[in-house]
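What's counted below: heavy atoms across the whole structure, side chains too, no hydrogens, waters or symmetry copies. By convention in this document, chain letters (A, B, ...) are assigned in the order of the sequence lines, proteins followed by strands, and residues within each chain are numbered from 1.
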Amino acid sequence: MSTNKSYKTREEILVKGREAIGIPFKQIDQTNRLTTGKGAIGSVMEESWFGYNINNEANPDFSSAGVELKVTPYKSTRNGLRAKERLVCNIINYMEEYKTTFQTSSFWKKCNTMLLMFYEHKENLSKGDFTIDEVVLFSFPKEDFLIIEKDWEIIVGKIKNGKAHELSERDTLYLGACTKGATAASVRQQPFSDISAKQRAFSLKESYMTYLLNKYILGNEADERIIKNPSLLKEQSFEEIIVSKISQHFGKTQQQLLAEFELKTSAKNVNELLLARMLGIKGRLSSTEEFQKANIILKTIRVNSDDSITESMSFPAFNFQKIVTENWEDCDFKNMLEQMKFLFVIFRYNNINELIFDNILFWNIPEPDLDEIRTVWERTVAILKQGVQLKTIGKRTYNNFPKSSENRVAHVRPHARNSQDTLTLPDGRQMPKQCFWLNNTYIREQLQKNFSPK
DNA sequence: GCATGATCATGC
DNA sequence: GCATGATCATGC
């Protein structure tokens, strides 16, 4: 089956692509592809707009120009425009990928230059009414290229270590290894272990796509970048660079740091402000280009002098009525956890109760622990469906959601402004907003696992 | 003392 | 005004 022969240059491809802007897909579709399931819109553009047969070749769609066609959705949210999903590139052949270098890898061969066609997914419209809104010919800028190369090496490193079955999309920053297959049971062989591994594909993370979208569609100005000189990334990983910039401050008290950076604030996010100063960032750390592209979430952890941790870690409140309509496999919470990379900023109380800046840790949830969270999530949904049991004693109202004592990893607890800050339960009653929390004991366990001598 | 319910402070 | 990250505080 041939790839497209009619478009030989990048310019021709871009011009033809841009001509599609504003035309509803139902007018473009000549082969009734829109009625099919996932990927229907991409198929329409390939067949009916560019006029070539759908293929799954290793070469880019426009092979002579070296351009891969990608049609990708975004959505409008109260936080602005966001990519609706990760951009899935090519399936990883564990048996072959480790034999190449990044430059000769399957991912780079296929996707180093892409024609990105963005369309808005609107909740109340059908696919046929959607239109392409923006088209760009995209090549990776140097600062991203170097991070993506490292990401690829991390993924291939796991294959080489016989750990393809332990791959997770959260291992990396921009280029992820996302699961790909009809069911979670879609597995493949790996070269250095007998354990079969989930089928995965190289993909650009949702957060990375959101950044591209805002840059290209909205024309938003670039945000502050932490690593001003991308060449540094040739020597060290992003995480290593951050640690090397910050480690000189380990051991200082919070008071010393506040004085050193001339910060006067009672804000609960002082530690984020301090970290930003250490990195030479003027604005918020979470607004930097790298943090946005990789969806790095900063969390402060205070460790007591006896190594215990008092507080559990909260997440956004969930909507009772929405969560009961979801399945774990495609629910909001799992999706969020799968996409998050955490930066733990660790402070430790010394024996005279001073708060000492102790360390930082880039962390993500290990796959087996995500399964633990699944049980908590499913119990929560089951309880909501049965009707939560509420018992008021004095000023406090007790419930029967999963407690921290019931699961090693997570529990459910209120997360509201006060007890009047409620949402409607599926049965119509009101209840203070709740969220999933990572247990304080679990956080402690994770810190010990990552910092104990190997 | 700890688990769990309750609430604060900020930024957008 | 609300979401969010962070922290307080009651009562078992």
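A:F342 has its ring centre no less than 6.0 Å from the ring centre of A:F362. A distance of 6.0 Å or more separates the ring centres of A:F436 and A:H415. You'll find the ring centres of A:F347 and A:Y349 outside the 6.0 Å limit.
Only A:N418, A:S419, listed by number, bring a heavy atom of residues 418-427 of chain A to less than 4.0 angstrom from any atom of DNA chain B. Within residues 302-311 of chain A, the residues approached by DNA chain C to less than 4.0 Å at the level of any non-hydrogen atom are A:R302, A:E311, in residue-number order. If you check residues 428-440 of chain A against DNA chain C, the residues with a heavy atom closer than 4.0 Å are A:K433, A:W437, listed by number. Listed in residue order, the members of residues 340-358 of chain A having a heavy atom less than 4.0 Å from DNA chain C come to none. Near DNA chain B, defined here as any heavy-atom distance below 4.0 Å, the residues from residues 394-408 of chain A are A:K395, A:R396, A:T397, A:Y398, A:N399, A:K403, A:S404, A:S405, listed numerically. Sorted by residue number, the members of residues 282-294 of chain A with any non-hydrogen atom under 4.0 Å from DNA chain B read A:R284.
Judged by distance alone, with hydrogens and angles left aside, the side-chain atoms of A:N350 form a donor-acceptor pair with the main-chain N or O of A:E354 at under 3.5 Å. Remark: the backbone N or O of A:L125 is not paired with any side-chain donor or acceptor of A:D129 at under 3.5 angstrom.
Counting only residues at least two apart or on different chains, the salt bridge (charged side-chain N to carboxylate O under 4.0 Å, His left out) pairs with a member in residues 370-381 of chain A are A:E329-A:R374, A:R374-A:E378, A:R379-A:E406. For residues 317-327 of chain A, every residue pair satisfying the salt bridge (charged side-chain N to carboxylate O under 4.0 Å, His left out) rule, not counting sequence neighbours, is listed here: A:K322-A:E326, A:K322-A:D332. Among residue pairs with one or both ends in residues 298-319 of chain A, those qualifying as salt bridge (charged side-chain N to carboxylate O under 4.0 Å, His left out) are A:D307-A:R348; sequence neighbours excluded. Applying the salt bridge (charged side-chain N to carboxylate O under 4.0 Å, His left out) test to every pair with at least one member in residues 163-174 of chain A, sequence neighbours left out, gives these pairs: A:R86-A:E169, A:K158-A:D171, A:R170-A:E367.
The interatomic distance linking A:E272 (CD) with B:dC12 (C1') rounds to 14 Å, in whole Å. In this structure, NZ of A:K299 is placed 8 Å from C1' of C:dT4, rounded to the nearest angstrom. If you measure from atom NE2 of A:H415 to atom C1' of C:dT7, you get 10 Å, rounded to the nearest angstrom. If you take NZ of A:K391 and P of B:dG5, they are 12 Å apart, rounded to a whole angstrom. Residue A:H411 contributes atom NE2, which lies 13 Å from atom P of B:dA6 at whole-angstrom precision. Going from atom CG of A:L273 over to atom P of C:dA6 covers 11 Å, rounded to whole Å. Following rounding to the nearest Å, A:M336 (CE) and C:dA3 (C1') show an atom-to-atom distance of 13 Å. Distance A:R413 CZ to C:dA6 C1': 11 Å, rounded to the nearest Å.
A ring-ring contact (aromatic ring centres under 6.0 Å, His included) with A:F333 is found for one member of A:F315, A:W377, A:W437 and no other, namely A:F315. Evaluated for a side chain to side chain contact (heavy atoms under 4.5 Å, CB included) with A:V345, the options A:D358, A:L275, A:L361 yield exactly one hit, A:L275.
Counting non-hydrogen atoms of other residues, nucleotides and ligands closer than 6.0 Å to NZ of A:K142 gives a total above 12.
Legend: residues meeting ring-ring contact (aromatic ring centres under 6.0 Å, His included) with A:F291, ordered by chain and number and at least two apart, are absent. In this structure, the salt bridge (Lys or Arg N to Asp or Glu O under 4.0 Å) partners of A:E445, at least two apart in sequence or on a different chain, are A:R408.
A donor-acceptor pair shorter than 3.5 Å can be found between the side chains of A:E97 and A:W152. Remark: the A:S186 side chain and the A:Q199 side chain contain no N/O donor-acceptor pair separated by less than 3.5 Å. The closest side-chain donor-acceptor pair between A:N407 and A:Y442, if any, does not fall under 3.5 angstrom.
Cation-pi check for A:K391 over A:Y398 is not met; the charged atom does not lie both under 6.0 angstrom from the ring centroid and within 45 degrees of its normal.
Residues A:L298 and A:I393 each lie close to DNA chain C; by heavy-atom proximity, the contact nearer the 5' end of the strand is made by A:L298.
Distance check, rounded to the nearest 0.5 Å: CZ of A:F25 to CD1 of A:I41 gives 4.5 Å.
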